[in-house]
Chemist: 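Here it is, the structure in full.
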Amino acid sequence: MIKAAIFDIDNTMYSFLDCDKVASKKIADYIEDNFAIKPEVSLEVIESLKAQQKARIGHDIGAIHSRVIRFQMFLEKMNLPICPHTAILTRMYWDCMLEQMKLEEGMEDFIKDLKGKGVKIGVCTDMTALIQYDKIEKLGLSQYIDFLVSSEESGAEKPKGRMFDLVMKKINEISKEKVYPQECIFIGDSIKKDVKGPSDYGMNGLWYSKYTKDKEIKSRFFKDNDIKIAKYSLNEAMSEINSKLKKVVELNNMGENIIMEIESFK
Ligand SMILES: [Mg+2]
């Protein structure tokens, strides 16, 4: 039996894509009401600032996703007052996001079932930490979570080993006996960050493809790594991983670049 399950949050526990659309519209309306800038203009500028924000910060850490920094950069670029609008826009965006979020069907039962079997439940997320805690609470999962690693905390993003080192350190601090990466399962929507990265590290990766399938399959990473997909139901995937564990503990990948895909937590 696996000893720890580590979950991605965005587009894994809920649809980031759907909620972001609504929250972005809300801030675009605020900008239009206050500064008479058309939503299509403001949203395009904000989107274009993503790359600049990343370049300014200089390396991939949680702050590259910070909406405080992004909205501030937007106001600066448009020559608009940063105070109090940076804080207003940031809170408005996240409040709207939290309001929209719905937990993926089947996920709570899945986590409950794992927990009942003594599996530690963790979260590993490329984001600033506070909002991720708010999301977990809003999704009703707080009671199940044993540990969380954010890229704000680790100083690196998935799939950097530094991130997964911290995951393993935390698992081992809360477990009675030594836990190896091979005894852990990592579940998320990004093949690079949540599946291939963890499985190269030695864990078992499981791809939740519901929201990002097209984008992932068209990605450069997918082609460059010559990745093949094997589709499973959640139960099949879990029993395959658990039976593999029984056979050879030190075995990590399913073999070559075949990744296990699930489309539902039911
Ligand atoms: Mg994600």
Side-chain angles (χ1 to χ4, degrees), residues 4-24 47 50 53-54 60-67 70 93-94 97-98 100-108 110-111 121-141 144-145 147-154 156-160 162-164 166-167 184-201 203-222 225 227 229 234 237 259-265:
I6 304 109
F7 292 85
D8 169 53
I9 297 182
D10 300 298
N11 284 328
T12 299
M13 291 182 165
Y14 76 101
S15 169
F16 173 83
L17 293 173
D18 293 340
C19 300
D20 176 64
K21 235 177 255 164
V22 181
S24 296
E47 183 63 27
K50 255 191 210 171
Q53 181 176 353
K54 198 172 154 157
D60 290 355
I61 54 168
I64 67 171
H65 310 283
S66 161
R67 297 314 194 270
R70 195 163 311 152
Y93 176 83
W94 286 127
M97 177 74 92
L98 290 169
Q100 297 296 317
M101 285 172 37
K102 275 186 216 83
L103 183 66
E104 287 303 289
E105 239 183 294
M107 178 157 274
E108 187 172 4
F110 176 45
I111 291 179
I121 306 296
V123 165
C124 180
T125 171
D126 282 348
M127 200 30 171
T128 50
L130 179 61
I131 186 62
Q132 301 304 69
Y133 279 104
D134 287 342
K135 289 177 190 171
I136 289 167
E137 173 64 13
K138 173 67 205 316
L139 293 170
L141 296 178
Y144 305 113
I145 306 300
F147 66 94
L148 181 145
V149 171
S150 70
S151 60
E152 182 176 31
E153 168 188 19
S154 74
E157 301 229 291
K158 299 177 281 186
K160 285 267 166 61
R162 196 181 163 95
M163 191 83 162
F164 302 137
L166 191 53
V167 166
C184 301
I185 180 170
F186 201 115
I187 304 163
D189 68 291
S190 164
I191 291 179
K192 181 179 175 182
K193 289 167 178 275
D194 304 319
V195 186
K196 186 74 165 68
S199 73
D200 287 347
Y201 187 88
M203 301 182 204
N204 300 278
L206 191 53
W207 181 35
Y208 183 55
S209 66
K210 183 172 165 188
Y211 296 111
T212 50
K213 188 162 187 160
D214 283 355
K215 185 178 152 230
E216 289 291 303
I217 287 175
K218 282 182 198 141
S219 73
R220 201 183 173 121
F221 182 84
F222 190 85
N225 285 277
I227 287 164
I229 293 164
L234 180 65
I259 64 163
M260 299 174 87
E261 174 192 3
I262 54 163
E263 286 180 327
S264 157
F265 286 107

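Just so you know, ligand 1 is whichever comes first in the structure, and atom 1 is the first atom listed for that ligand.
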Chemist: Which single N/O/S atom of Asp8 lies at minimum distance from the Mg ion (ligand 1)?
Modeler: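 In Asp8, the heteroatom (N, O or S) nearest the Mg ion (ligand 1) is OD2.
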Chemist: Which class fits the ring pair Phe265 and Phe7: parallel under 30°, tilted 30 to 60°, perpendicular over 60°?
Modeler: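 Tilted: the ring planes of Phe265 and Phe7 meet at 30° to 60°.
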Chemist: I'd like to know whether Arg162 forms a side-chain contact (heavy atoms from CB on, under 4.5 Å) with Leu166, so could you lay out the CA-CA distance, the side-chain angles of the two residues, the decisive distance to 0.1 Å, and finally the verdict.
Modeler: CA-CA 6 Å; Arg162 196 181 163 95; Leu166 191 53; over 6 Å; no
Chemist: For N/O/S atoms only: which one belongs to Asp189 and is nearest the Mg ion (ligand 1)?
Modeler: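 Among the N, O or S atoms of Asp189, the one closest to the Mg ion (ligand 1) is OD1.
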Chemist: Under a 3.5 Å threshold, yes or no: a donor from one side chain and an acceptor from the other, between Gln100 and Tyr14?
Modeler: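 Side chains of Gln100 and Tyr14: no pair found under 3.5 Å.
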Chemist: Between Lys160 and Asp60, does any NZ, NE, NH1 or NH2 come within less than 4.0 Å of an OD or OE carboxylate oxygen?
Modeler: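 Lys160 and Asp60: not salt-bridged.
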Chemist: Nearest to the Mg ion (ligand 1), which N, O or S atom of Asp10 do we find?
Modeler: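 When I compare the N, O and S atoms of Asp10, O is nearest to the Mg ion (ligand 1).
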